[in-house]
Amino acid sequence: MTTFKHTETLSAKENIVLIGTEKTDFSKYGLSATELAYVKKQIANEEHIINVNQYSRRIVIYIGEEKKETYLTTEAYRRAGGRVCGMVNGVKLESITVADLTGDANNTLAFAEGMALSNYQFIHYKKDSKKITNSLKTININGKKVKADDIETLQIVVDATNKARSLVNEPVNHLNAVQLAHEFEKMGKEAGFKVEVLNKAKIIALKMGGLLGVNLGSIDPPTFTIMEWKPKNAKNKKPYVLVGKGVVYDTGGLSLKPTANSMDEMKCDMAGGAAVGCTMYAIAKANLPVYVVGLVPATDNRPGMNAYVPGDILTMHNGMTVEMLNADAEGRLILADALSYAKKYEPELAIDLATLTGAAAAAIGKYGIVVMGTAEKKVKKALKSSGENVFERLVEFPFWDEYADLLKTEIADMKNIGGPVAGAITAGKFLEKYTSYPWMHFDIAGPAFINAPYDYKPKGGTGVGVRLLFDFLSNVK
Ligand code: BES
Ligand code: ZN
Ligand code: ZN
C-alpha cells in the first residue's frame, strides 16, 4: 500500500520529483551549478525524465508532455509516474516528494496516481514476499494549488482500484462465491455501506434460474450480493444501480474451454463484480452524495456432475425462458437475473460491468471498454468523458434491433448464443431483454486482466471500472 501525504514544505534532504515545464526555473531546489547545467542540456535534448543522483538524495525532474488533448496530457503524467515508480523502487527509496512547479495540480495528482497504481504488488503467496516488497511506501505531494481533499480522494480511489485488482488476482481456490460475498461484507463494514448477501435458498425463492442454472455444475453455492449507499444528502432520488458479473471461475462448463491457455486467466471473470464492490467502497469512503445500489450475482461455472447441458431450458427471474445452447455463455445468464431484479429499484440508470465476451476483447483489446445500451445521449456523453478523464476509454458499438433476431429460437423465448458475427453485441442484446429502465452495458473482457505489465498497470487484474465509475458518480448533479 502506498500512502499519500500532503506537505507544505520542501527540504533539501528529501528525495523529490520536480514537476515542471521547459520554462521552469529549477535553480531553487538544491541543484549545483553543474547539475543545473546537466538538467538544462537534457531538457534541450527533449528528455522528459531527468535523474540527478546527489548520493544523499535523488532529484528527478519531469518535464510534462503537451499532447493534442488535455486528457492525453494527463495520461502522459500518469505514465511518467509509473516509470518513476520503477526507478524509485530500483534504488530502494522509501519515500519521495512530488512537487508541482507548474501550477496545474491535476497533472501532478495524475503523476502521483500513476506512481501509486504502478507500485501495486500481489505477492502474498510467496515465501519471500517481505524481501521482494517494493521499497516505496510514502508519496508526499507538494504544491500551491494541490488541495488536501483531493489527495484524500486520490488515496481512496487508488486503494479501491488496488483492492479490485487483488480480488481479481485471488484464484478461485481462495475466493469462491461465498468468500467473494464475504469480502464485500467486510468492505461494507469498513466503508459504511449496507451489504446483504442472499444465499442459495433465497436465490431459489427468488427463482433466479440463470444464476442457479450456471451453478448446477459446482459444489459451491452461489451468492447474490446487494450493496447500498444511500446518504441523506444524495442528489438523486432514484438510484444508480451497478451490476457486476461475479463468475469466480469460468471453465466454460460442459462447453469446456480448450485448456491451451484460454482458461488460464479465467479467475478474472469476476472483475465486473470486483469493480462494482470496490466502487461502492470508494464512494462510501469518500462520502459521495449519490444514492447507489450494487448487485453482484456470483458463482463458478464448472462441468460438475449435475451441470446444465446444451439444450436445457432455464426459467429466469422475470419468468422468461432461455434455451441454453452454450454453457460458456454463462455471464449473460447470471446478469439477466440481476438486471431483472434491479427493476424493483426503478433505476435512474443501471450499468453492468462484465468480462462478457471474447468478441469484445478481440475487437479492441486491452485499450478500452466496449459499451452499448439504452441510456440517453447526454448520459452516454458523460460516461465517455469520465472514460477520458481516467483513461478507461469507452467505445460504443451499434445496438440495432436486428442483432436481437440472432437470439431467436423456436422452443423458448430466446437462446443464450447469437450467430457467428457480432458476439459482443448479441450478448448485449440478450441482456437488454431483462431491462426496462435506462441501462448501459460495459464489456470489460479486454482490459480487465493483462498478461504483462502495461504503463502503470502491473500484470494481472487491472481494477478497470473503479476509477471510471467513481469519476462518473462524482459528477452527478
Ligand atoms: N468469460 C468469458 C469471456 C472472456 C473471454 C472474458 C476472454 C475474458 C477474456 C465468457 O463467459 C465467454 O466464455 N464468452 C463466450 C461466449 C460465446 C460462447 C457465445 C465467448 O466470448 O467466447
Ligand atoms: Zn464463459
Ligand atoms: Zn465468463
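Both ligands and their constituent atoms are indexed starting at 1 by order of listing. Only a predicted model underlies this, so the values are computations on that prediction, with no experimental measurement involved.
- Here the straight-line distance linking atom CD of E196 with atom CD1 of I226 works out to 4.5 Å at 0.5 Å rounding.
- Take F397 and apply the ring pair (Phe, Tyr, Trp, His ring centres under 6.0 Å) test, not counting sequence neighbours, and it matches no residue.
- Within the 4.5 Å cutoff, no side-chain heavy atoms of I351 are placed close to those of Y240.
- In the displayed structure, K384 atom NZ is contacted under 6.0 Å by more than 12 heavy atoms of other residues, nucleotides or ligands.
- Under the 6.0 Å distance and 45° angle rule, K238 does not count as a cation-pi partner of Y345.
- Here the protein contributes K245 NZ, D250 OD2, D269 OD2, E330 OE2 as N, O or S atoms under 2.8 Å from the Zn ion (ligand 3).
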Write 'none' if nothing qualifies; otherwise put on separate lines each N/O atom of ligand 1 with a protein N/O atom under 3.5 Å away and their distance to 0.1 Å.
from	atom 1	to	atom 2	distance (Å)
ligand 1	1 (N)	K245	NZ	3.4
ligand 1	1 (N)	D250	OD2	3.1
ligand 1	1 (N)	D269	OD1	2.9
ligand 1	1 (N)	D269	OD2	2.9
ligand 1	1 (N)	T355	O	3.4
ligand 1	11 (O)	K245	NZ	3.2
ligand 1	11 (O)	D250	OD2	2.9
ligand 1	11 (O)	D328	O	3.0
ligand 1	11 (O)	E330	OE1	2.9
ligand 1	11 (O)	E330	OE2	3.0
ligand 1	13 (O)	K257	NZ	2.8
ligand 1	13 (O)	D328	O	3.0
ligand 1	13 (O)	D328	OD1	2.8
ligand 1	13 (O)	D328	OD2	3.0
ligand 1	14 (N)	L356	O	3.4
ligand 1	21 (O)	G358	N	2.7

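- Judged by the 6.0 Å distance and 45° axis criteria, K343 is not positioned over the aromatic ring of Y437.
- For K137, the NZ atom counts as densely surrounded, since its 6.0 Å shell holds more than 12 non-hydrogen atoms of other residues, nucleotides or ligands.
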Would you tabulate the side-chain donor-acceptor contacts of residues 289-299 under 3.5 Å, counting partners in other chains and residues two or more places apart, or write 'none'?
from	atom 1	to	atom 2	distance (Å)
T299	OG1	N215	ND2	2.8

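- Atom-to-atom distance recorded for M208:CE and T315:OG1 is 14.5 Å, nearest 0.5 angstrom.
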